[in-house]
Each structure stands twice: as C-alpha cells, then as structure tokens.
Amino acid sequence: MKRKILVTSALPYANGAIHLGHLVEYIQTDIWVRFQKMCGHECWYVCADDTHGTPIMLRAEKEGISPEVLIDRVHGEHTRDFAGFHVGFDNYYTTHSEETRACANDIFARLAAAGLIETRTIEQYYDPLKQMFLPDRFIKGECPKCGAHDQYGDNCESCGSAYTASELRNPYSAVSGARPELRQSEHYFFRLSDHRCQSFLRRWTQSEDRLQPEAANKLQEWLGEEGEDRLTDWDISRDAPYFGFEIPGAPGKYFYVWLDAPIGYMGSFRNLCSRTGLDFDEYWKDGSSTELYHFIGKDILYFHALFWPAELEHAGYRTPTRVFAHGFLTVDGAKMSKSRGTFITAESYLAQGLDPEWLRYYYAAKLSATMEDIDLNLDDFIARVNSDLVGKFVNIASRSAGFIVRHFAGRLCTCDESLHAVDAIRDRRAVIAGHYEGREFGKAIREIMALADLANQYVDRVKPWELARQPGSERELHTACSNAVNLFRLLAVLLKPVLPALAVKAEDFLNVAPFTWDDGATVLAAGHAIRSYRHMLTRVDRRQVDALVEANRQSLAAAPPPAPQRHAEHQEKAAARSAVEAEGPPVGGAHVALDEFMRVDLRVARIAEASHVEGADKLVRLLLDVGPLGRRQVFAGIKAAYDPAALVGRLTVVIVNLAPRKMRFGLSEGMILAASDPEGRQPGIFLLSADAGAQPGMRVK
RNA sequence: GGUGAUGUAGCUCAGCCGGUCAGAGCGAUGGAUUCAUAACCCAUAGGUCGGUGGUUCAAGUCCACCCAUCACCA
C-alpha cells in the first residue's frame, strides 16, 4: 500500500552556520525519507530556516545590514551545506514568507475564536538606550543566590540556580550595557492551562506511540497527574522592535519566534504545494489519513509535543502522527568545543575535502530510535569507515569487476540464486527494512555489514584469481564474479538510503536504473553488461581529520594577520607595561586588588574607521564606536601587522579612562588592547576580539 | 537540588520479559592468501558486565544505596 507521508526536520536558526551536531538530525531524517521513497511511498521532506526573533534582529544590526539581507545570506549558506551532505529536501524554505504568515495568522485567529487566546499585562525589563524590551538571555547581572557576576536572566551558570530576570541584582542590558527598567506591556497568551489543552495533551502524548517511551515519560513529568494541571499559559507575543510577523489587529505586537517556527513546516509545505500542485489540505486537515512526522532534537520536545499539537488540535488541524526526538552529538566523548576544534562546521568538513558519505555512514552506524546522545569518536570514525565501507563493501565490486570486464567483455552470466549469501540477503531484507522504518539505523548497518562479510567470504572461497589462471575454468570464473557483482548490487541497494551518492556510482557501474527497495529481491539478468570499475570511495586519511580539527580550532582565533612583525615595539605595549609597572612587576609579582583593577575602564568598541597616518611608521588612526560612550579617536601602533581597511567593523577592547595623550598627529583618547611577546622574541602583535554577542560599550571585566 | 538516562573486552556497541549472554565488529596477535586502494579470508584474544549490599534455586538482566558521565527542570 502506498503511504502518503510528510516529514520535517527542525528549522535551523538563521543566525549561524550548520555544524556536525545539526547534521545528526538532517542525516537521520534524510536516511529515513530516502528509505520511504525507495519503497515507493509518496514522501515529502520539508524544512526551512527559522528566521525571526531578537537575536536575528540584533545580529543584522551589528553587521549593519537588514534582517532580510542577513537571512537571505544564511539561507544560501544553509542550502549549500545541506546539499553538500546530500540532504534531499523537497523544499527548503524560510519562515519569513507569506505562506508562513498566512498560516500563523490563520492558526492565531482560530485559537482566538476557540477562546484560547487572551491578553494580559506583564512587567518586563526594558532597555532605555536601545528602546526595546529585553529577552531574559539579553539581561545579565549578579546571581541572587550566589552573587556570581555576569549571569544571564534565567539561571546562574555558577551555582545552577534558576530565577527570573527581575531577581537579578544589578541587572544590565547585554545589548547596550544600560541599566534596564521594568515596564509594563500587554502580551498575548495561548491558554495552555485551559482544561481542554491539558486533557487533550495528556491523552495525545500518552497514546498510540506518538512519542518514544523516554519522551512520553518526560512529557508526563511536565503535564503532571490528572488534575494537577501543571501547564501554564504560553506568552506568544513580543513588542516592537522585533523581527517577525506583526499580529493582525495588534500594531506593535509580533508573534514570538517559537510560535511561527513550527508553523514554518506548514508554510514550507504550502509553498511546495503551490509549485507542484500537491493538495495542502489533504495533508493538514483534521482527520487526514496521511502521515506527519517531525524529527527534532530532544531539547525542543517541549515545543513539539506540547505547544504544537495543542495549537493544531484547537485550530482544527491534524496533529503529528509521531514526533521523533534524537540525542545530541558529542565529539570524542565531550561536548563540541571551539577551543578543542571539535565544533566542526559543515562547511569546513566539506572544504577540507572529507567525503560527506563517511559522516552519513558513521552517523547511521550509531543512530538508534532512542534519545541517547551519539558520540563522534574520531579514531573510531576513521577505522569504521575504512574497514566497513572501503574494506568490506566497495571491495566486493573492486575485486570482481576486473575479471568480468577483462575476460567476459563486461557481460554477466546467470547469478546463482541458491547461493548462501544471496539467500541470506533476501532473508534479512525485511528485518533491515524494519530497522530503517523504526530508525534503528545502527542495527540495519550491523546486519548489512554481516552480509557483506558473507559476500567477501564467498569470493575468498571460490578464488577467482586461481580460476583465471586455470584453462577451462572460464565458466566457473564467470559465475563466481557474476555472483560477486550481484552481491555487491544487493548490498548497494540496502545501503542506498545512507549512501545516496555512492549508490549513484554503483548504478552507473552496474549500468542500471536507480535502485528501488524491491531491487534487493532480484538479480541482474544473464548477459547484462556492466561498466568497468572505477573507485567509488577513498579511505579516510587521519591527516584529513587532524586538519579538519585544526581548521576549526583556528577559525575561532581572532584571525590574526599572518604578516610577521619583527619589531613588536608599539605604543600599546609600552603604555600597558608602564601602567602595570606603576603597581608592580607585571608577572608573578604582587597582586592587584580587584578595586584597583576595576579602576581601569575597559569597553568593547567597534572600529568605525581606520586609516594610515601620514608620516608615521607604526601608527594607525582609529575611530572607535564605544556605544553609549560615543566615538573616540585612538592612535594604535599596529600598522605593520594590520591593514586599516581590514580593521573596519571589528570589535575590540579599549581602555576608555586612560589619560588622553597629545600626539604629533592628534589626540589619542584611549588605547586598544593587543597581545604580543613581552620579550619581543616572538614576532607579531594581535588585536583582542570579542566573542559574538558583545556590543560596543559593554564593560570588560 | 529535583527528575530521567547512561556506565558490558583497548575502541564503538549488542544483550527483549532473570537461568548456554559473558557476545559482535574494529583494533591487537598468529596463520593463510594475493583478485582487490597491504584490501580480503581463518584462528586467538579470557572483560570481577561502574561500586556495595539485597531479593531469588538462579542476576549485566530485579530492588536499595553509592560513584561517574550526560540531559531536562518550561
């Protein structure tokens, strides 16, 4: 029976690059979708960039571009990265679309009509400088429990306690550094606490295998027991300025990004429908007989298993058939780390020349239907890909094709279908299909590799290389190699969902139409001509992996200019030294009291202008934007290491309360921070940078 | 802190409802072989199944506690 299936992966946020952690989900989904398509089902895979919200707005502002330009650019990057890993979306769209807006407005209106939307005035921190309300993550201050500095508005990373932003001591805006003030604002709420929502969700989450058992338990925890009604209303609006969809009839109020993100699945599908003639309603109307699956990370289970089905149900749409949550990626047993170089972007993986199918295979080999984290162990990655894919699988074709081409003009003879290996493959097909369907890819891979072992053992037993030397054994040789080529084909069919590009090469080598799942039950006809074998997959070289890690480690560094600098003498260093020496020896000497250090006012600054100074050997004139503190002119002795043009737009750190110094070329109103070898033995001077999120004017301490 | 998950051979992992489950692949070692990117094939490896107590005729497999790691706590 032909199924009609709609599949989604979570929408990546449009403010950053796709990395190997993201790819776990897209590769997992893609394998599942490809399997369904191979089986002949009608299966549509849609996704989109998640483009709204404060972080996008601020990022665009920081880059000096409009949010639309930013999300366009990122959309291009994401599309490229996914294509590079053979993630075969039927549509990769954007939430910033009229389709998504229409769906969001429609759902909002229907929820309102159902009496599930209400407005309420809440008090929230407001940044008077930026003139915007601040999300919790953009408010920092001292932890009310332990007093740790620079903690976010929702919880303390130092002591782990959770609190609300209004409990923070000495709060400040992470956007402008200003002291935020509490202001009132009217917000829209989705009344999740309504008994209709609670009883629906209690039923929905605990029935029909909607969720994995661990996920269902987690949901049970969130929902509480019958009558406990733990769910609270969900704030779905944000005040201007906000990048998103303005709520109809509510000027200055916007849908919260997490409201329109899942609706982006609908928007993307609607867009696909308009291009292909598919029937949107058939897939989304209440009571639809089609299937709808969401692949997500376990971190967003709350949104997909509570908010989303409740919205759909009460807006009169169908709810997801199932939600599949997966775990996170670790690399070599630890969280991905920029400093260790294990925060690896998709782009860098491809740019370093690594084969995307290596990663697809490795992920497949480790994926299961559970929410457990999976580990990318780099040594294991190399060993597994080389031994399984090259040593076992591809080797079958490689070791048999030559004989067919050389001795039999590329033509196969009848495959011996009574062969144990052929029989075993046919016998295990259904089991393997079950593993694909059930997202137990690791088990599928284990099965397939055991079958590949059988194929190699067969070749080893019939020894074509000996037959080739014995006159009169042509027939046996022909049979042996035809059998081996057929075994390779059958295995390639089984692996196609995981290795689509390799499957194309195999199809070309075998001179056949694209594999379907049913091809795993047949063999090639006698007389079928294959093409000569060309390598389908190379081995992973450890040096490639090392280089990849190294590249990602370096990409975080502040991109110091490579220009070697012989004399590291410069104004900053000299001045810094004299400043410190006034208090004592710079290193390993007397301590500096905190309040003494705090007298040095360090701020994040953006280099607004940079130019050469006529007549100066070392100086560059900088005009710094220090946010609320205005602009300052600073002369920096970095001419030999930095081209002024390359400095514009960079964030760095400046001492703003250094006594101004009259120089021959003008007044220098501060000093930027840069690193260099104190002894002057190592060449180079390296400007300090601020991590993403820092804004001009922020205090450095 | 609360809740949940995980902890099995050097590495990555299987082990469903307790009784041939102490396993597989890779690595390592030895052997065989040379068709294949030194690939492949055969054999071997003896890990107190995180720790300590329980339940049971019988426990990686159930219970309690402890340790470690991870996640979630809107």
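Below, read A as the first sequence line, B as the second, and so on, with proteins coming before strands; counting in each chain starts at 1.
Considering only side-chain atoms of A/Asn377, the nucleotide from B/C35, B/C11, B/C72 that sits closest is B/C11. For A/Phe328, taking side-chain heavy atoms from C-beta onward, the closest of the listed nucleotides B/C41, B/A36, B/C72 is B/C72. If you check B/C73, B/A36, B/C35 against the side chain of A/Ser398, the one that comes closest is B/A36.
Using a 4.0 Å heavy-atom distance criterion, A/Arg469 is classed as a sugar-phosphate-only contact. Contacts of A/Tyr302 with the nucleic acid, taken as non-hydrogen atoms under 4.0 Å apart, include base atoms. Within 4.0 Å (heavy atoms only), A/Thr330 reaches no atom of the nucleic acid at all.
Look at the C1' atom in both B/C21 and B/A74: the space between them is 42 Å, to the nearest Å. Rounded to whole Å, the separation between the C1' atoms of B/C62 and B/G19 comes to 14 Å. Here, B/C49 and B/U6 have their C1' atoms 14 Å apart, quoted to the whole Å. Separation of the C1' atoms belonging to B/C35 and B/C41 is 13 Å when rounded to the nearest angstrom. To the nearest whole angstrom, the two P atoms, one in B/C63 and one in B/G18, are 10 Å apart. If you take atom P in B/G15 and the same atom in B/U61, they sit 15 Å apart, rounded to whole Å. Using atom P as the reference point in both B/A32 and B/C17, the two lie 46 Å apart (nearest Å). Rounded to the nearest Å, the gap between the C1' atom of B/C66 and that of B/U29 is 39 Å.
Atom CG of A/Leu367 is separated from atom P of B/C13 by 11 Å (rounded to the nearest Å). Atoms CD (A/Gln470) and P (B/C35) sit 13 Å apart, rounded to a whole Å. Summarising the geometry, the separation between CG on A/Leu223 and P on B/C72 is reported as 19 Å, rounded to the nearest angstrom. As rounded to whole Å, 14 Å separates atom C1' of B/G7 from atom CG of A/Asp375. Taking atom CD1 of residue A/Ile382 and atom P of nucleotide B/U12, one finds them 14 Å apart after rounding to whole Å. Distance NZ (A/Lys463) to P (B/C42): 11 Å, rounded to an integer number of Å. In this structure, CG of A/Asp373 is placed 11 Å from P of B/C13, rounded to the nearest angstrom. If you measure from atom NZ of A/Lys298 to atom C1' of B/A71, you get 4 Å, rounded to the nearest angstrom.
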Criterion side-chain contact (heavy atoms from CB on, under 4.5 Å) on A/Lys366 and A/Asp380, from CA distance to verdict: CA-CA 11 Å; A/Lys366 305 201 78 168; A/Asp380 189 46; 4.1 Å; yes
Tell me, with the steps shown, if A/Asp233 and A/Ser193 meet side-chain hydrogen bond (donor to acceptor under 3.5 Å, both in side chains). CA-CA 5 Å; A/Asp233 295 341; A/Ser193 64; 2.6 Å; yes
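A close approach under 4.0 Å does not occur between any side-chain nitrogen or oxygen of A/Gln457 and OP1 or OP2 of B/C40. The phosphate of B/A39 (OP1 or OP2) has no side-chain N or O of A/Asn395 nearer than 4.0 angstrom.
Geometrically, A/Arg120 engages A/Phe189 in a cation-pi contact defined by less than 6.0 Å to the ring centre and at most 45° from the axis. Judged by the 6.0 Å and 45° rule, A/Lys253 forms no cation-pi pair with A/Tyr188. Cation-pi geometry between A/Arg406 and A/Phe403 is satisfied (NZ or CZ under 6.0 Å from the ring centre, within 45° of the ring normal). Cation-pi check for A/Arg439 over A/Phe324 is met; the charged atom lies under 6.0 angstrom from the ring centroid and within 45 degrees of its normal.
For a distance-only test at 3.5 Å, the side chain of A/Thr232 qualifies as a donor-acceptor partner of the base of B/A74.
A/Phe408 and A/His478 have parallel rings, their planes meeting at less than 30° on a 0 to 90° scale where 60° marks the start of perpendicular. Using a 30° and 60° split on the angle between ring planes, A/Phe255 and A/Phe108 fall in the perpendicular class, above 60°.
Both A/Val394 and A/Leu231 sit near RNA chain B, but only A/Val394 has its closest nucleotide nearer the 5' end. Both A/Glu214 and A/Gly391 sit near RNA chain B, but only A/Glu214 has its closest nucleotide nearer the 5' end.
Pairing for B/U48 is absent, judged as Watson-Crick or G-U wobble with the two contacts each under 3.5 Å. Across every strand in view, B/C72 sits in a pair with B/G2 that passes the Watson-Crick or G-U test at under 3.5 angstrom. The base-pairing partner of B/C26, taking Watson-Crick or G-U wobble contacts with both distances under 3.5 Å, is B/G10. Pairing of B/G18, defined by two Watson-Crick or G-U wobble distances under 3.5 Å, is not identified with any nucleotide. The base-pairing partner of B/C41, taking Watson-Crick or G-U wobble contacts with both distances under 3.5 Å, is B/G31. Base-pair partner of B/G53: B/C63 (Watson-Crick or G-U wobble, both distances under 3.5 Å).
With a glycosidic angle further than 90° from 0, B/G25 counts as anti.
Summarising the geometry, atom CZ belonging to A/Phe307 is positioned 8.5 Å from atom OH belonging to A/Tyr256; distances are rounded to the nearest 0.5 Å. With rounding to the nearest 0.5 Å, the separation of OG1 in A/Thr370 from CD in A/Glu214 is 6.0 Å.
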When every nucleotide of nucleotides 20-31 of chain B is labelled 5' to 3' by its protein contacts under 4.0 Å (heavy atoms), B for base, S for sugar-phosphate only, - for none, what sequence of letters results? -----SS-----
